[in-house]
Student: 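Take a look at the following structure, please.
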Protein chains: 2
Amino acid sequence: MRGKVIPFDTPRSAATQEKILDAAEALFMEHGFEATSLRQITAAAGVNLAAVNYHFGSKEELFQAVLTRRLDPMNQERVALLTRFEREAAPRPLSCEKILGAMFIPALRLARDPRRGGKNFLRLLGRAYADPAPFIRHFLTEQYAVMIARFKAAFGRALPHLPKKELSWRLHFVMGALSYTLAGTDALKLIAALNPRDSGNDEALLRRLAPFLIAGLKAPLSQDDEIDGENAV
Amino acid sequence: MRGKVIPFDTPRSAATQEKILDAAEALFMEHGFEATSLRQITAAAGVNLAAVNYHFGSKEELFQAVLTRRLDPMNQERVALLTRFEREAAPRPLSCEKILGAMFIPALRLARDPRRGGKNFLRLLGRAYADPAPFIRHFLTEQYAVMIARFKAAFGRALPHLPKKELSWRLHFVMGALSYTLAGTDALKLIAALNPRDSGNDEALLRRLAPFLIAGLKAPLSQDDEIDGENAV
DNA sequence: TTAGAATTCAAACAAACGTTTGACCGATTC
DNA sequence: GAATCGGTCAAACGTTTGTTTGAATTCTAA
């Protein structure tokens with residue numbers, strides 16, 4: 001037999017699946033994919049060890065399910081928001097601020113909603129971005145492809161003077177700063193240390209990040225912007 | 001007996017140690033810490049399985065040795081370069097460009113030098129930044145503490161209008177974009193796709209990154225820079 | 001109420017892990 | 001030339017890993 005049959009969602013099945021997903025989300029976030037065992041997950045979820053393979057097929061498929069559960073709705077929300085902003089602004093092109101807002105607001109909403117995993121999931125997502133496992137990279141690339149393409153087009157209209165190549169790079173840097181920030185164990189501690197009032201919510205963090213990224217995106221196109229290495233090398 | 005005795009470096013010992021470090025560097029870079037086994041490493045290095053524990057004590061200590069070998073000299077070089085730039089510019093404060101140059105140039109030199117691991121090591125470093133393992137985070141924090149403090153002070157002088165809190169955040173974002181960029185499996189492919197001429201060297205990548213980050217660092221201080229969520233939430 | 005499917009469960013599977021051991025080799029030293 | 005020491009080696013250590021199995025249990029439907 002090739003492959004295995006994942007059962008339908010009866011009420012009973014859905015309950016244990018959710019317990020597994022919740023426990024896996026927390027543990028994968030804490031220790032990463034490789035360092036988290038199915039025994040830890042099933043113990044934390046209060047279900048039998050075999051339940052993961054029964055309901056999800058394998059550890060890898062469980063990980064993908066953990067990501068999909070939150071990521072899919074969030075990315076759909078992002079595209080929908082971008083579309084709405086564009087319609088509201090038409091026929092004028094959208095500003096960088098608005099576009100970045102369309103990326104951040106759904107993430108912020110998710111971070112604020114404990115029922116949807118809250119901050120935990122964003123940290124997991126940031127970690128996944130840096131994970132070397134091929135199946136994770138492949139999964140994320142697929143999951144993000146349409147959204148990224150959509151936003152790249154929007155940024156292209158907002159920054160018409162930028163060559164496509166340069167834009168691709170800058171968006172790459174944006175994703176980097178974003179995922180690193182989200183993944184940050186240290187970042188959350190940094191927040192708490194610097195501004196105890198904001199402690200515990202990623203919102204303040206992302207609101208700090210946005211102006212930084214916008215300035216980078218809007219940076220003048222460099223003919224030859226030295227980092228001044230000539231007299232040093 | 002607490003701990004174990006790591007032998008002195010006789011010529012024979014040094015040779016196998018280096019073979020192990022080289023193989024470990026490549027494999028840790030490719031698969032991460034957890035997903036790389038000592039058997040893979042010793043097989044690739046052409047040494048006996050027990051050699052790792054004999055020469056380094058444990059897998060964790062091997063990983064730290066892999067990082068230290070390159071990171072320690074590079075960070076010393078960074079601080080030395082910063083000091084030199086400051087002396088040359090005195091009594092005027094250093095520009096952001098120069099400061100960032102002091103961070104990037106040693107990294108570029110390392111990336112260009114195949115004898116020192118070249119690109120491989122920078123990718124490994126980027127990965128390590130995102131690794132959840134406590135011993136890695138602890139190690140990096142210690143290893144970077146003095147360098148970061150030194151650069152933060154320099155940036156503080158270059159951007160006197162920025163509150164310390166804001167500066168801490170922006171430096172955090174800089175480190176994020178930098179490490180994500182270095183770690184990027186995809187980034188290198190991106191380079192090759194966008195500009196085959198530059199293919200294979202991280203230099204072009206970092207030269208693109210610098211202006212982006214400088215613009216972010218210099219971004220005006222936001223009183224309340226909306227990402228415009230009010231009418232969307 | 002009973003047949004049958006869906007789910008749970010304890011137990012076992014083979015494989016891989018990091019680490020340790022004790023015999024063995026080769027050079028250096030007394 | 002015997003003793004010593006640093007180093008290598010094959011083999012085994014005890015755990016832990018993801019996955020599978022087949023019997024018990026719970027639910028569903030006729």
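Residue numbers begin at 1 in each chain, while the letters A, B, ... track the order of the sequences. Since we're looking at a predicted model, the values are computed, not measured.
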Student: In this structure, how many angstroms lie between the C1' atom of dA24(D) and the OH atom of Y54(A), rounded?
Tutor: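 Rounding to the nearest Å, OH of Y54(A) and C1' of dA24(D) are 14 Å apart.
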Student: How far apart are the C-alpha atoms of F139(B) and Y144(B), what are their side-chain angles, what is the distance that settles it, and do they pass the ring-ring contact (aromatic ring centres under 6.0 Å, His included) test?
Tutor: CA-CA 9 Å; F139(B) 172 79; Y144(B) 269 94; 9.1 Å; no
Student: How many Å lie between CZ on R39(A) and P on dA11(C), as a whole number?
Tutor: 13 Å
Student: A side-chain contact here means heavy atoms from C-beta on lying under 4.5 Å apart; do L81(B) and M103(B) qualify?
Tutor: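 They are not in contact (no side-chain heavy atoms under 4.5 Å apart), so the answer is no.
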Student: Can you tell me how far C1' of dT8(D) sits from CD of Q17(B), to the nearest Å?
Tutor: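 Value for this atom pair: 14 Å.
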Student: Base, sugar-phosphate alone, or nothing: which one does T36(A) contact when heavy atoms must sit under 4.0 Å apart?
Tutor: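 Contact class for T36(A): sugar-phosphate only.
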Student: Atom CZ of F56(B) and atom P of dG18(C): how far apart are they, to the nearest Å?
Tutor: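 That distance rounds to 15 Å.
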Student: Under 4.0 Å between a side-chain N or O of H55(A) and OP1 or OP2 of dT8(C)?
Tutor: yes
Student: So does L27(A) get a backbone contact from the side chain of T36(A), meaning a donor-acceptor N/O pair under 3.5 Å?
Tutor: yes
Student: With a 4.0 Å cutoff (strictly under), does any side-chain N or O of T16(B) reach OP1 or OP2 of dG7(D)?
Tutor: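 Answer is no, no contact under 4.0 Å.
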Student: Let me know the distance between CG of L38(B) and P of dC17(C), rounded to the nearest Å.
Tutor: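 Roughly 9 Å, once rounded to whole Å.
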Student: Taking the side chain of S58(A) as heavy atoms from C-beta outward, which of dG6(D), dT8(C), dT19(D) is closest to it?
Tutor: dT19(D)
Student: From the set dT7(C), dA12(D), dT17(D), return the single nucleotide nearest to any side-chain atom of L49(B).
Tutor: dA12(D)
Student: Write down the distance between CG (N53(A)) and C1' (dT7(C)), rounded to a whole number of angstrom.
Tutor: 14 Å
Student: I want to verify a distance call: between dT19(D), dC9(C), dG6(D), whose nearest atom is closest to the N48(A) side chain?
Tutor: dC9(C)
Student: Between atom CD in Q40(B) and atom C1' in dG18(C), what is the gap in whole Å?
Tutor: 13 Å
Student: Which nucleotide in the set dC17(C), dC9(C), dA12(D) lies at the smallest distance from any side-chain heavy atom of A50(A)?
Tutor: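 Comparing dC17(C), dC9(C), dA12(D) against the side chain of A50(A), the answer is dC9(C).
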Student: Is the closest side-chain heavy-atom distance between L125(B) and L71(B) below 4.5 Å?
Tutor: yes
Student: Does V52(A) reach the side chain of K59(A), with side-chain heavy atoms less than 4.5 Å apart?
Tutor: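 A side-chain contact is absent here, since even the closest heavy-atom pair is not under 4.5 Å.
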Student: Taking atom C1' of dT17(D) as reference, at what distance in whole Å does atom CG of L62(A) sit?
Tutor: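 After rounding, the gap between these two atoms is 15 Å.
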Student: Counting side-chain heavy atoms from CB outward, which of dC17(C), dT8(D), dT7(C) is closest to S37(B)?
Tutor: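 From the listed options, dC17(C) comes nearest.
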